[in-house]
Chemist: 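Quick one: the structure is below, questions incoming.
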Amino acid sequence: MPYDHATIEPRWQAYWDEHQSFEAKIDEARPKYYVLDMFPYPSGSGLHVGHPEGYTATDIMARYKRMRGFNVLHPMGWDSFGLPAERYAMKTGTHPRDRTYECIDNFKRQLKMLGFSYDWSREIATTDPDYYKWTQWIFLQIWGSWYDAEQDKARPISELPIPAEVEAAGDRAVHAYRDEHRLAYLHDAPVNWCPDLRVVLANEEVAEQVEAGHEVIRVPMHQWMLKITAYAQRLIDDLDDLDWSPSVLEMQRNWICRSEGAEVVFELDGQAGPDAQLRVFTTRPDTLFGATYMVLAPEHPLVSTITTDAQRDAVEAYVKTTAHRTERERQVAAAEGDKTGVFTGAHAINPVNDQRIPIWIADYVLMGYGTGAIMAVPGHDARDHAFARTMGLPIVQVVAPATGEPIDVQAQAYPEPGVAVNSGLINDLPTAEAKQKITEWLTAQAKGEARVNYKLRDWLFSRQRYWGEPFPLIHKPSGEVASVGVDALPVELPEVDDFNPSETGEPPLAKALSWVELPDGSRRETNTMPQWAGSCWYYLRFCDPRNASAPWSSEAEQYWMPVDLYVGGAEHAVLHLLYARFWHKVLFDLGHVSTREPFKKLVNQGMVLGATYVPRDPQAASAGPKRVFVSDEVEEINLGDAVEYVHKQTREPLTIQWDKMSKSRGNVINPDEVIAEYGADTMRLYEMFMGPLEASAPWQPEGVAGCFRFLGRAYRLFFESPKDAEDRARDLGEGQGSERQRRLLHRTIADVSERIERMAFNTAISSLMVFVRDVEKDGETLGRDAAGIFCQLLAPFAPHLAEELWRALGNPQSLTYEPWPQADPALLVEDSWTLVVQVNGKRRGELKIPASLDPKQAKDEITELAMASEAVSRFVGDKPPKRVIYVPGRLVNIVLG
RNA sequence: GCCCGGGUGGCGGAAUGGUAGACGCGGGGGACUUAAAAUCCCUUGUCUUCGGACGUGCGGGUUCAAAUCCCGCCCCGGGCACCA
């Protein structure tokens with residue numbers, strides 16, 4: 001009987017389950033290794049072959065580290081709150097909970113079929129009240145804290161110093177003062193409001209609804225915000241210690257985006273009082289003399305107060321138009337040169353030269369960045385320049401190139417640094433010094449100060465949905481917000497039968513009156529938390545998932561944390577990782593965790609791409625609606641040195657295109673089918689063999705078959721496959737076999753080990769393939785001990801087959817905890833090595849050099865051998881070489897004149 | 001527009017300054033078979049006057065030596081986007 005995965009795989013999966021082979025227990029005597037996957041959202045369409053790429057990589061590491069003697073924690077769970085289940089509920093009436101747990105069952109079934117070595121006893125779902133109880137608990141920690149800038153850490157709100165004048169103003173004032181300083185606070189933030197549907201839309205939904213004819217406007221809504229900006233600098237600084245790819249570190253830094261500059265105060269002309277000023281942030285205070293107008297974001301709170309009656313209609317119309325555009329639309333339109341804006345009628349006074357300059361509003365200025373207002377320097381900023389040209393505003397040059405080269409700022413902005421001109425007290429100073437001097441002057445005049453600004457914004461943390469964690473907060477009749485108290489956790493979601501928002505646009509929870517209204521007249525908060533909440537701390541819960549009295553014990557946290565290896569998609573490179581790091585730092589400040597950072601090493605796996613087909617003729621492709629075909633509709637014609645695709649019916653020539661797999665594109669491969677045909681081991685092997693883990697690669701069914709053939713060959717090293725008989729184990733030889741086999745074996749041990757350490761799994765698999773091929777070629781029977789070592793090397797990649805073969809060798813135990821084999825260095829040394837002979841850098845021949853000539857010592861002898869070689873005499877003749885380069889163990893290069 | 005990746009045979013890829021194309025797929029030839037499947041063996045970058053020449057997106061450069069380092073450009077993918 002040939003290799004029969006369908007029998008082998010379920011057998012070993014049952015064995016692992018029964019023996020709880022992968023259960024992790026704290027063991028101070030052994031080093032720990034925590035290897036984590038980004039846990040999935042269990043979608044209705046189930047797993048596709050992209051999911052298991054990362055899961056296979058972590059499983060290889062988990063199995064490898066176990067064999068290396070590490071105590072491995074390798075858990076899996078479900079990020080199960082989310083919009084799709086709620087949508088499904090609205091459509092079908094199925095409770096999101098029912099749908100969610102159905103999907104989880106399906107995902108779990110699929111993952112189990114792949115033979116991953118998860119400790120399933122630690123399985124968690126963010127939607128379990130036992131889990132979200134602690135999500136709410138962490139929220140209360142955050143809400144119950146303030147950021148002490150002096151100590152640079154979060155502290156309990158009870159330790160917040162209350163200024164005497166606040167104290168004197170009474171309890172209400174004290175309460176309000178505390179609320180202002182909490183890390184979770186209420187704030188009016190703009191949302192995408194769809195009046196027709198009475199719902200708040202996610203950014204990605206806006207286009208769809210607008211296309212469907214619905215109006216979507218940006219309106220401010222009272223929302224919970226988390227003060228992640230307090231951590232901006234630490235979130236940047238602590239990146240330095242992480243073993244993450246440089247590109248992800250770069251993305252995180254760019255997202256937070258620190259910039260240094262100054263905040264400058266402009267007085268409003270003709271108005272007095274502390275409110276009569278406009279604060280702007282600028283990275284170029286040295287260009288202050290060139291500020292010829294100001295621009296406010298249309299949402300800026302001062303807009304309505306400063307606008308003159310003559311301009312009011314125009315301003316209000318513009319504000320209204322802006323509300324219909326998403327932030328992205330505004331920015332795209334403006335980037336395409338479409339500068340719009342309206343004069344408010346008001347003026348400000350430039351603090352450096354007392355010039356009266358007009359104040360405009362324009363949607364190229366965003367409320368969410370800096371102060372929501374800018375000083376415009378059209379001479380030295382391309383955006384301001386374009387706006388000034390469009391609106392006919394003056395352009396003044398205040399920086400000249402240091403080279404003295406003449407420029408014309410009327411024609412084009414000059415944003416580079418240079419030397420200040422037309423700038424009063426900073427004239428002739430280079431940009432860096434000019435910035436410093438003008439900032440000092442502003443500070444002395446109390447008209448500004450140096451400031452660091454971050455692009456990072458506070459985190460909008462509330463959603464108007466049902467299927468999320470309820471906030472553990474109540475609103476008292478007095479208007480004060482209070483915690484429900486830790487003892488009242490979890491605040492469970494009420495049972496409702498309608499998941500739509502209320503008539504007035506309140507969240508669905510507002511309709512559960514018996515839940516919302518409390519006996520003392522308080523009302524529960526009816527927003528829910530975003531999906532990020534549960535995924536911000538699940539790695540901590542995995543350390544101690546069944547703890548009923550705490551989110552985790554400090555014993556478990558101190559033993560398992562930090563996560564040693566974290567693998568997931570690049571789409572989470574910014575937000576998820578930033579939010580989780582932020583929560584972790586709050587927990588660190590409050591003494592709940594012992595590490596500054598949660599994830600030591602991070603790897604982003606690439607995408608698995610699926611095929612679709614489009615017309616090859618560009619005219620046919622662009623004419624009419626876009627036509628895309630899926631594999632079933634396409635015939636592949638192999639021309640030997642090329643492949644062509646045609647439509648099965650119409651015979652239209654097509655080209656293949658590769659995209660990220662998605663249900664909507666129709667290019668998804670279902671792992672169930674792959675496993676049914678080839679088995680989990682083949683699937684795992686192919687996932688890793690496709691290419692480097694971090695690269696995206698197309699899913700090619702022929703490649704899967706190649707991996708299957710390899711496993712079949714490996715199987716036949718152990719078993720005869722006579723035609724009409726049951727499998728019979730081969731008579732294996734003794735020990736590690738012939739010297740040649742031993743050398744091959746130890747070379748393979750060394751290569752596979754080193755490649756797993758580097759997570760270069762595709763090349764590790766290729767070593768295993770070479771081993772099997774060469775043993776076959778060798779003809780001699782494989783030694784029994786060599787066969788055992790091969791099983792060990794194969795185990796991380798194809799664990800079912802490895803166990804099966806290991807058992808066939810007579811081993812009664814699973815090889816999960818067998819020690820990883822060590823390569824014998826003596827066997828890695830070859831008896832001879834190949835010296836390449838180059839002439840003028842071109843390869844002209846090679847020589848076998850016996851190992852008795854040490855490549856490092858015997859430079860002269862080796863060079864001599866090369867000089868005497870046939871290649872040299874042919875290409876050099878008797879010309880004396882100008883130079884001879886010797887690279888030990890590699891080559892001799894003879895350079896002629 | 002900016003930022004980050006990437007571009008190597010018919011295809012996935014290997015090689016991170018030192019033999020370009022490991023390993024796999026696909027192709028060609030053969031063995032076994034009544035035949036097919038499965039399996040196994042040989043072969044497979046291009047051109048060639050059979051000496052060799054060319055070849056890692058394109059053009060330059062550094063070096064005895066470049067897929068690899070540097071400069072400029074083109075193309076593909078992803079992210080961000082008037083970020084003051």
Side-chain angles (χ1 to χ4, degrees), chain A residues 2 245-248 250-251 254-255 257 259 261 280-284 287 295 327-328 330-339 362-366 368-371 373-377 381-384 386-387 453-455 457 570-571 573-574 606-607 609 638-643 656 658-660 685-686 689-692 694-707 709-710 712-713 716 721 723 760 762-770 773 776-777 834-843 845-846 874 881-885 887-896:
Chain A
S245 75
S247 58
V248 174
E250 191 68 15
M251 279 191 240
N254 289 345
W255 189 266
C257 193
S259 55
V280 302
F281 172 74
T282 176
T283 53
R284 292 294 300 273
T287 61
V295 186
E327 203 164 90
R328 179 172 287 209
R330 279 163 68 167
Q331 295 163 1
V332 168
E336 282 161 5
D338 179 14
K339 298 277 176 192
D363 62 6
Y364 79 89
V365 173
L366 304 175
Y369 186 78
T371 61
I374 62 159
M375 63 176 213
V377 185
D381 181 286
R383 294 154 301 172
D384 297 343
F387 189 81
N453 192 53
Y454 300 91
K455 187 166 129 189
R457 306 179 197 177
E571 66 271 26
V574 177
M607 287 180 291
L609 308 176
N638 201 319
L639 304 174
D641 60 349
V643 178
I656 193 163
W658 296 100
D659 300 285
K660 184 187 164 92
L685 212 58
Y686 178 65
F689 192 62
M690 282 192 296
E694 302 202 57
S696 295
W699 182 271
Q700 302 188 113
E702 308 79 32
V704 182
C707 289
R709 281 199 281 272
F710 160 67
R713 272 200 287 275
R716 284 193 301 276
S721 292
K723 274 184 201 135
N762 54 333
T763 56
I765 293 167
S766 116
S767 294
L768 293 169
M769 288 174 167
V770 168
R773 182 198 64 189
E776 272 176 356
K777 269 197 179 158
T834 306
L835 178 83
V836 168
V837 181
Q838 292 186 338
V839 178
N840 282 339
K842 283 188 202 283
R843 183 179 175 281
E846 59 181 45
R874 230 172 90 210
K882 184 174 141 199
R883 207 173 148 188
V884 177
I885 312 278
V887 183
R890 291 214 178 255
L891 58 76
V892 169
N893 185 13
I894 293 148
V895 185
L896 304 178

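This one's a predicted model, so the numbers in the text were calculated from it and none came from an experiment. Values reported hereafter were calculated over all heavy atoms of this structure, with side chains retained and with hydrogens, waters and symmetry mates removed. We name chains A, B, ... by the order of the sequence lines, and we start the count at 1 in each one.
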Chemist: Rounded to whole angstroms, how far apart are CG on A:Asp381 and C1' on B:C2?
Modeler: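 Going from A:Asp381 (CG) to B:C2 (C1'), I get 14 Å.
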Chemist: Among all residues two or more places apart in sequence or in another chain, which pass the salt bridge (Lys or Arg N to Asp or Glu O under 4.0 Å) test with A:Arg890?
Modeler: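 A:Arg890: no salt bridge (Lys or Arg N to Asp or Glu O under 4.0 Å) contacts found.
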Chemist: Specify the glycosidic conformation (syn or anti) of B:G9, with syn defined as within 90° of 0.
Modeler: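 This nucleotide is in syn.
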Chemist: When the P atoms of B:U19 and B:A66 are compared, how many Å lie between them, rounded to an integer?
Modeler: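 Each nucleotide's P atom is 11 Å from the other's.
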Chemist: Just how far, in rounded Å, is P of B:U63 from CZ of A:Arg883?
Modeler: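 It is 10 Å, rounded to the nearest whole Å.
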Chemist: Measure the distance from CG on A:Leu609 to C1' on B:C76 and round it to the nearest whole Å.
Modeler: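 Between C1' of B:C76 and CG of A:Leu609: 12 Å.
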Chemist: Which comes earlier along RNA chain B counting from the 5' end, the contact point of A:Pro692 or that of A:Val836, where each point is its nearest nucleotide?
Modeler: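 Nearest nucleotide further toward 5': that of A:Pro692.
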Chemist: Given B:C25, B:C23, B:G12, which nucleotide is nearest the side-chain atoms of A:Val770?
Modeler: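 Per side-chain heavy atoms of A:Val770, the pick is B:C23.
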Chemist: Taking O4'-C1'-N9-C4 for purines and O4'-C1'-N1-C2 for pyrimidines, is B:G51 syn (within 90° of 0) or anti?
Modeler: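 B:G51: syn.
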Chemist: Please list, pair by pair, any protein nitrogen or oxygen found under 3.5 Å from a nitrogen or oxygen in nucleotides 41-51 of chain B.
Modeler:
{"from": "B:G51", "atom 1": "O3'", "to": "A:Arg874", "atom 2": "NH2", "distance (Å)": "2.9"}

Chemist: Using the C1' atom as the point on both nucleotides, what is the distance between B:G26 and B:G21, in whole Å?
Modeler: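 It comes out at 16 Å once rounded to the nearest Å.
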Chemist: Using atom C1' in both nucleotides, what's the gap between B:A20 and B:G9 to the nearest angstrom?
Modeler: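 Here B:A20 and B:G9 have their C1' atoms 11 Å from each other.
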